[in-house]
Peer 1: 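Supplied in structure tokens, the structure appears directly below.
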Amino acid sequence: MAERESSNFIRDIIRTDLATGKWGRVQTRFPPEPNGYLHLGHAKAICVDFGLAAEFEGLCNLRLDDTNPVAEDDEFVKAIEEDVRWLGFEWGGVFHASDYFDQLYEIAESLVARGLAYVDEQSGDEIRKNRGTVTEPGTPSPYRDRSPAENLERLREMKAGKHPDGAMVLRAKIDMAADNMILRDPLMYRIRHASHHRTGDAWCIYPMYDYAHGLSDAIEGVTHSICTLEFDNNRAVYDWFVEKAGFEEPRTHQYEMARLKLQHVMLSKRRLKKLVTDGIVDGWDDPRMPTISGLRRLGVRPSAIRAFIDRTGVARADSLVARDLWDSVIRDDLNAEAPRRMAVLDPIEIEIANWDGGIEWLDAPDWPHDIPKDGSRKLPFSKTLYIEREDFAEQPPKKWKRLAPGVEVRLRYGYLVTCDQVVKDDSGRIVKLVCSYDPESKGGNAPDGRKVGGTLHWVSAEACEDIEVRLYKPLFTVDSPDAEEDWESLLDPESRVVITAKAEPALQGATGHFQLERLGYFATDPDDASIFHRVVQLKSSWGKKPAETAPAPRKKPAQKPAVAADYRPEDAAAAARFDTLVAEGISEPIAGVLAPNALLDALYVSALAAGAPAVPLANLIASELGPRDGLGQLTPEALAALVLLADSDAVNSNGAKEVLDVLIAHGGEPEAIVDARGLRQVSDTNKLGDMVDEVLGAFPDRVEAYKGGRKGLKGFFVGQVMQRSQGTANPQLVQKLLAERLD
RNA sequence: UGGCCCGUGGUCGAAUUGGCAAGACGCUGGGUUCUGGCCCCAGAGGUUCUAGGUUCGAGUCCUAGCGGGCCAGCCA
């Protein structure tokens with residue numbers, strides 16, 4: 001069966017817009033504020049914005065959202081461009097919100113002239129106080145009703161620099177009592193006598209995000225403006241400005257997706273900046289930082305970041321991605337790209353007692369058997385070697401596959417060795433293992449074909465190099481450092497451990513990515529190739545602690561027991577209405593919906609008067625016309641006619657719903673719509689019987705499965721018949737026919 | 001507390017728009033193996049938050065509840 005490509009809701013929207021002809025092209029934008037370095041959260045936005053544009057052969061621009069001169073700096077612009085490019089994306093153009101300052105200002109004057117904006121001279125404190133709270137409406141500014149002429153004059157004074165910072169602001173005149181607080185006369189411009197990194201001192205008033213963003217999108221010709229969920233509330237004002245500025249459909253629309261959150265990772269820009277300025281990390285590109293530049297220095301490749309974003313998906317639900325997925329994607333990305341090498345992090349010496357020769361140079365392949373790549377290097381074997389201290393156990397636990405007294409193991413690419421003697425110092429610490437090797441086992445296999453339990457990595461003590469290795473752990477041990485108040489106390493002091501390791505000669509002077517066998521993937525530092533960063537450990541099924549692997553399950557709060565259903569409204573008038581409806585034969589749940597809803601109840605009353613049968617009418621209204629501002633083009637008469645039609649079996653419930661949608665959107669006469677759309681229900685037993693047989697014949701395997709007990713398939717068969725009949729089959733009849741044939 | 005958004009195996013997420021609850025990560029067991037890696041096979045894990053309702057049929061629509069998130073910056 002063909003795999004269905006996994007989708008996401010934004011992709012679906014774009015596809016629909018293209019299919020319906022709303023848009024003939026796709027344009028997105030990535031709009032970072034140049035006040036810091038890009039991090040993993042931005043990487044998601046970049047992948048989605050650029051990725052979607054590329055997928056639909058559209059355009060994605062880079063737009064620096066530089067509306068606040070005191071926070072922004074050119075230093076960051078270069079870094080942003082570098083990071084986007086490094087991630088593998090190309091922009092159509094580089095734009096700045098500041099490119100539109102002139103147009104934005106003109107639009108502002110036009111809004112003022114039309115009485116849609118005003119200059120407010122309240123202080124910041126007053127503005128805040130008068131905005132009200134989430135439960136109380138705001139109170140209008142005393143300056144709210146000044147004349148357009150006076151507002152224009154003040155605005156021009158603001159622009160001309162006649163007023164100090166904070167003296168006045170320009171506000172959109174929307175609604176001080178709006179439930180959505182963003183709509184309570186949002187600020188459009190504030191005075192800032194500050195030098196802007198691009199426009200210099202040309203301006204002393206600067207637009208706010210809410211004013212500038214949507215209009216910048218509209219001016220650039222963006223079709224789909226993607227941002228994160230916390231801007232959901234802002235969409236209303238986005239639309240308001242774009243519309244009032246005169247941009248008509250098709251115009252840009254904003255779509256919000258959930259932010260990326262990764263277990264143990266903090267992505268707050270402000271906090272990241274503090275880590276840098278407090279010197280807790282070495283800089284924005286410290287390998288422990290979740291910045292793009294930090295990940296780059298660590299050795300994570302852009303393909304891994306893209307794959308990770310791809311696998312975590314795009315949705316509207318807040319979520320926290322488990323670190324396992326991150327690790328897994330990085331390993332997967334490096335597996336076929338990182339040649340294998342050996343090094344020992346915590347060495348213990350072994351002496352091969354029966355080794356007579358000096359140094360023997362063995363041939364070791366760069367890749368394991370399952371990776372179809374060539375290449376090899378020379379590896380020195382000698383009398384004294386190092387192995388990993390943790391690869392030896394004096395008293396091996398169960399299932400131990402490594403070295404232990406009297407146990408034979410393989411030294412990778414080398415020989416089979418057996419531990420004969422354990423040498424300890426006075427304190428009892430093991431200082432050396434005396435082993436013997438099998439001269440016949442060169443390359444790692446004995447001629448007699450005997451098997452050994454395990455294979456260890458090793459290096460020659462006589463021909464090895466010291467390398468600096470840096471091992472990392474997350475900066476935070478808690479799942480969501482962003483959510484923690486005292487996050488600074490939660491830093492893991494062992495997030496970076498620097499050690500000197502013993503490495504095979506081929507690692508000396510090497511650069512790039514390597515898998516140090518059995519230890520993990522490592523990358524040399526871009527500026528200092530003598531430093532090896534551990535990018536990620538190898539997966540291991542030995543000594544694993546399951547508790548560390550997944551985020552702690554979020555507690556499912558104990559459900560409070562459901563209160564016995566009571567549909568009767570509290571409000572006295574509604575309760576009376578409820579009683580009447582119930583007396584008329586309407587069920588309580590349905591009456592409970594209609595009674596308190598003036599719009600729906602009025603519709604019910606009128607449609608009832610127009611001749612619709614009460615119960616089906618009430619059911620339809622209550623269960624289909626729920627949260628709605630208005631009824632569109634739907635009239636009570638049309639609704640009554642529709643209910644009558646459905647009640648007489650002329651259309652099935654699918655058809656009735658389709659007609660209802662049409663009535664709301666365009667109005668019309670139900671019977672005519674039914675005919676125009678071919679929705680008349682088919683209840684002809686012969687016709688339906690043929691279709692049922694056809695479906696049953698087309699899916700013999702499923703028929704088998706059904707007879708084997710998978711009764712859920714009944715819905716599938718019905719669905720198939722419904723599809724074949726364009727939705728017009730009588731489903732009850734189909735079920736009956738199906739039952740006759742299958743049961 | 002008002003408005004809005006969101007609840008699908010442990011985690012992230014699909015579901016032909018009302019018709020078979022995908023896939024990946026993780027977990028368990030097995031196979032393979034000169035990496036306790038990779039790869040292969042099998043398996044466990046679900047009242048799709050809860051309770052009602054509409055419907056032949058609900059993860060999807062309606063109502064209520066529960067839980068989480070966002071909004072009261074002259075930040076973005």
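Atoms considered below: every heavy atom in the structure, side chains included; atoms not considered: hydrogens, waters and symmetry mates. Chain A is the first sequence line, chain B the second, and so forth, proteins listed ahead of strands; every chain is numbered from 1.
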Peer 1: Does Arg518(A) put a side-chain nitrogen or oxygen below 4.0 Å from OP1 or OP2 of G36(B)?
Peer 2: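 So the side-chain polar atoms of Arg518(A) do come within 4.0 Å of the phosphate oxygens OP1 or OP2 of G36(B), strictly under.
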Peer 1: Mind checking Lys399(A) for me? I need base, sugar-phosphate or nothing, with any heavy atom below 4.0 Å counting as a touch.
Peer 2: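 Base: the residue Lys399(A), judged by heavy atoms under 4.0 Å, touches a nucleobase.
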Peer 1: Assess the pair Tyr189(A) and Tyr211(A): is the distance between their ring centroids shorter than 6.0 Å?
Peer 2: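 Ring centroids of Tyr189(A) and Tyr211(A) are less than 6.0 Å from each other.
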Peer 1: Would you indicate, yes or no, if G57(B) has its OP1 or OP2 atom less than 4.0 angstrom from a side-chain nitrogen or oxygen of Ser653(A)?
Peer 2: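 For Ser653(A), the contact criterion (side-chain N or O under 4.0 Å from OP1 or OP2 of G57(B)) is not met.
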Peer 1: Is it the case that atom CD in Glu704(A) sees more than 12 heavy atoms from other parts of the structure closer than 6.0 Å?
Peer 2: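 Result for CD/Glu704(A): open.
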Peer 1: Picking from G13(B), G26(B), G68(B), which would you name as closest to the side chain of Asp318(A)?
Peer 2: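 When the side chain of Asp318(A) is considered, G68(B) is the closest of G13(B), G26(B), G68(B).
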Peer 1: Expressed in whole Å, how much space separates the C1' atoms belonging to A76(B) and G18(B)?
Peer 2: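 After rounding to an integer number of Å, I get 41 Å for this pair.
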Peer 1: Where the side chain of Pro589(A) is concerned, which of G26(B), G53(B), A24(B) is the nearest nucleotide?
Peer 2: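 Nucleotide nearest to Pro589(A)'s side chain: G53(B).
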Peer 1: Any idea which of A24(B), G19(B), C20(B) is nearest the Asn654(A) side chain?
Peer 2: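 In terms of side-chain proximity for Asn654(A), the closest of A24(B), G19(B), C20(B) is G19(B).
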Peer 1: side-chain hydrogen bond (donor to acceptor under 3.5 Å, both in side chains) with Ser141(A): which of Asp120(A), Asp185(A), Asn130(A)?
Peer 2: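 Result: among Asp120(A), Asp185(A), Asn130(A), Asp120(A) is the only option passing the side-chain hydrogen bond (donor to acceptor under 3.5 Å, both in side chains) with Ser141(A).
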Peer 1: If the cut-off is 4.0 Å, is Gln732(A) near the phosphate of C56(B), judged by side-chain N/O to OP1 or OP2?
Peer 2: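 For Gln732(A), the contact criterion (side-chain N or O under 4.0 Å from OP1 or OP2 of C56(B)) is met.
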Peer 1: Rounded to the nearest angstrom, tell me the gap between atom CH2 in Trp326(A) and atom P in A24(B).
Peer 2: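 One finds 21 Å between P of A24(B) and CH2 of Trp326(A), rounded.
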Peer 1: Taking the C1' atom of each, how far is A14(B) from U8(B), in whole Å?
Peer 2: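 Result for the C1' pair: 10 Å, nearest Å.
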Peer 1: Of the options A24(B), G36(B), U54(B), whose atoms approach the side-chain atoms of Thr455(A) most closely?
Peer 2: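 When the side chain of Thr455(A) is considered, G36(B) is the closest of A24(B), G36(B), U54(B).
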Peer 1: Roughly how far, to the nearest 0.5 Å, is the CZ atom of Arg270(A) from the CG atom of Asn35(A)?
Peer 2: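 The CG atom of Asn35(A) sits 12.0 Å away from the CZ atom of Arg270(A).
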Peer 1: With syn defined as a glycosidic torsion within 90 degrees of 0 and anti otherwise, which applies to G45(B)?
Peer 2: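 In terms of base orientation relative to the sugar, G45(B) is anti.
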Peer 1: Is it the case that the side chains of Glu517(A) and Gln515(A) hold a donor-acceptor pair, with the cut-off being a distance below 3.5 Å and no angle test?
Peer 2: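 Note: Gln515(A) and Glu517(A) side chains miss the donor-acceptor criterion.
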Peer 1: Testing Arg410(A), Arg402(A), Arg412(A) one by one against Thr455(A) for a side-chain hydrogen bond (donor to acceptor under 3.5 Å, both in side chains), which residue passes?
Peer 2: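 Passing option: Arg410(A).
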Peer 1: Hey, does Gln515(A) reach any base, or is it just sugar-phosphate, or nothing, if we go heavy atoms under 4.0 Å?
Peer 2: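 Gln515(A): base contact, heavy atoms under 4.0 Å.
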Peer 1: Given the C1' atoms of U1(B) and U54(B), what is the spacing between them in whole Å?
Peer 2: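 Comparing C1' positions in U1(B) and U54(B) gives a spacing of 33 Å.
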Peer 1: Has Ser441(A) got a side-chain atom pairing as donor or acceptor with Gly444(A)'s backbone, closer than 3.5 angstrom?
Peer 2: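 Pair absent, no side-chain N/O of Ser441(A) close to backbone of Gly444(A).
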Peer 1: Can you check the Lys261(A) NZ to G13(B) C1' distance for me, whole Å?
Peer 2: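 Nearest whole value for this atom pair: 16 Å.
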Peer 1: Which nucleotide in the list G37(B), A14(B), G36(B) gets nearest to the side chain of Asn8(A)?
Peer 2: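 My answer, after comparing the listed nucleotides, is A14(B).
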Peer 1: Within this structure, what is the CG-to-C1' distance between Leu320(A) and G68(B), rounded to whole angstrom?
Peer 2: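 Roughly 13 Å, once rounded to whole Å.
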Peer 1: Does a donor on one side chain and an acceptor on the other come within less than 3.5 Å for Ser268(A) and Asp482(A)?
Peer 2: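 There is no such pair between these side chains.
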Peer 1: Distance check, C1' atoms only: U60(B) and G13(B), in whole angstrom units.
Peer 2: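 Result for the C1' pair: 16 Å, nearest Å.
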Peer 1: Roughly how many Å apart are C49(B) and A44(B), using the C1' atom of each and rounding to a whole number?
Peer 2: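 A44(B) and C49(B) have their C1' atoms separated by 23 Å.
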Peer 1: Mind checking whether Phe717(A) and Tyr706(A) have parallel, tilted or perpendicular rings, split at 30° and 60°?
Peer 2: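 Perpendicular, since the angle between the ring planes exceeds 60°.
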Peer 1: Which whole number of Å gives the distance between the C1' atom of C25(B) and that of U32(B)?
Peer 2: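 Roughly 23 Å separates the two C1' atoms.
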Peer 1: Side chain of Leu538(A) only, heavy atoms from C-beta on: which candidate in C12(B), C20(B), U35(B) is closest?
Peer 2: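 Side chain of Leu538(A) sits closest to U35(B).
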Peer 1: Of all the choices, U35(B), A14(B), C56(B), which nucleotide is nearest to the side chain of Val718(A) once you look at every atom?
Peer 2: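 Of all the options, the side chain of Val718(A) is nearest to C56(B).
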Peer 1: Would you mind calling U63(B) syn or anti? Take O4'-C1'-N9-C4 for purines or O4'-C1'-N1-C2 for pyrimidines, and syn is within 90° of 0.
Peer 2: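 Here U63(B) takes the anti form, which means its glycosidic angle is more than 90° from 0.
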Peer 1: Among U11(B), C5(B), U35(B), which nucleotide sits nearest the side chain of Asp232(A)?
Peer 2: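 Among U11(B), C5(B), U35(B), the one nearest the side chain of Asp232(A) is C5(B).
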Peer 1: Does Lys736(A), at its NZ atom, have more than 12 non-hydrogen atoms belonging to other residues, nucleotides or ligands within less than 6.0 Å?
Peer 2: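 For Lys736(A), atom NZ is not crowded (no more than 12 foreign heavy atoms under 6.0 Å).
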Peer 1: Relative to Phe716(A), does Arg702(A) satisfy both conditions: NZ or CZ under 6.0 angstrom from the six-membered ring centre, and within 45 degrees of the ring's axis?
Peer 2: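 Judged by the rule (NZ or CZ under 6.0 Å from the ring centre, within 45° of its axis), Arg702(A) counts as positioned above Phe716(A).
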Peer 1: In whole angstroms, how far is the P atom of C20(B) from the CE atom of Met722(A)?
Peer 2: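 In whole Å, C20(B) P and Met722(A) CE are 14 Å from each other.
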Peer 1: Output the residues of residues 334-344 of chain A in contact with RNA chain B, where contact means a heavy atom of the residue under 4.0 Å from an atom of the strand; sort by number or write none.
Peer 2: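 Those residues are Asn335(A), Arg340(A).
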Peer 1: Return the polar atom pairs (N/O with N/O) between nucleotides 71-76 of chain B and the protein under 3.5 Å, or none.
Peer 2:
from   : atom 1 : to        : atom 2 : distance (Å)
C71(B) : O4'    : Asn233(A) : ND2    : 3.0
G73(B) : OP2    : Arg128(A) : NE     : 3.4
C74(B) : OP1    : Arg131(A) : NH2    : 3.3
C74(B) : OP2    : Arg131(A) : NH1    : 3.2
C74(B) : OP2    : Arg131(A) : NH2    : 2.8
C74(B) : N4     : Gln122(A) : O      : 3.4
C74(B) : N4     : Gly124(A) : N      : 3.4
C74(B) : N4     : Gly166(A) : O      : 2.9
C75(B) : OP1    : Arg192(A) : NH2    : 2.9
C75(B) : OP2    : Arg190(A) : NE     : 3.2
C75(B) : OP2    : Arg190(A) : NH2    : 3.0
C75(B) : OP2    : Arg192(A) : NH1    : 2.8
C75(B) : OP2    : Arg192(A) : NH2    : 3.0
C75(B) : O3'    : Arg190(A) : NH2    : 3.1
C75(B) : O2'    : Asn68(A)  : ND2    : 3.4
A76(B) : OP1    : Thr67(A)  : OG1    : 2.7
A76(B) : OP1    : Arg190(A) : NH2    : 2.9
A76(B) : OP2    : Tyr209(A) : N      : 3.1
A76(B) : O3'    : Asp65(A)  : OD2    : 3.2

Peer 1: For the rings on Tyr118(A) and Tyr143(A), is their centre-to-centre separation under 6.0 Å?
Peer 2: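 Not under 6.0 Å, so no.
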Peer 1: What integer number of Å spans the P atoms of U48(B) and A22(B)?
Peer 2: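 Straight-line distance between the two P atoms is 13 Å.
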Peer 1: On RNA chain B, compare the nucleotides closest to Leu625(A) and Gly453(A); which residue's is nearer the 5' end?
Peer 2: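 Here Gly453(A) is the residue nearer the 5' end.
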Peer 1: Round to the nearest Å and state the distance from Arg410(A) atom CZ to U35(B) atom C1'.
Peer 2: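 Going from CZ in Arg410(A) over to C1' in U35(B) covers 10 Å.
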Peer 1: Could you measure between the two C1' atoms, the one in G26(B) and the one in G10(B), and give it in whole Å?
Peer 2: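 7 Å, rounded to whole Å.
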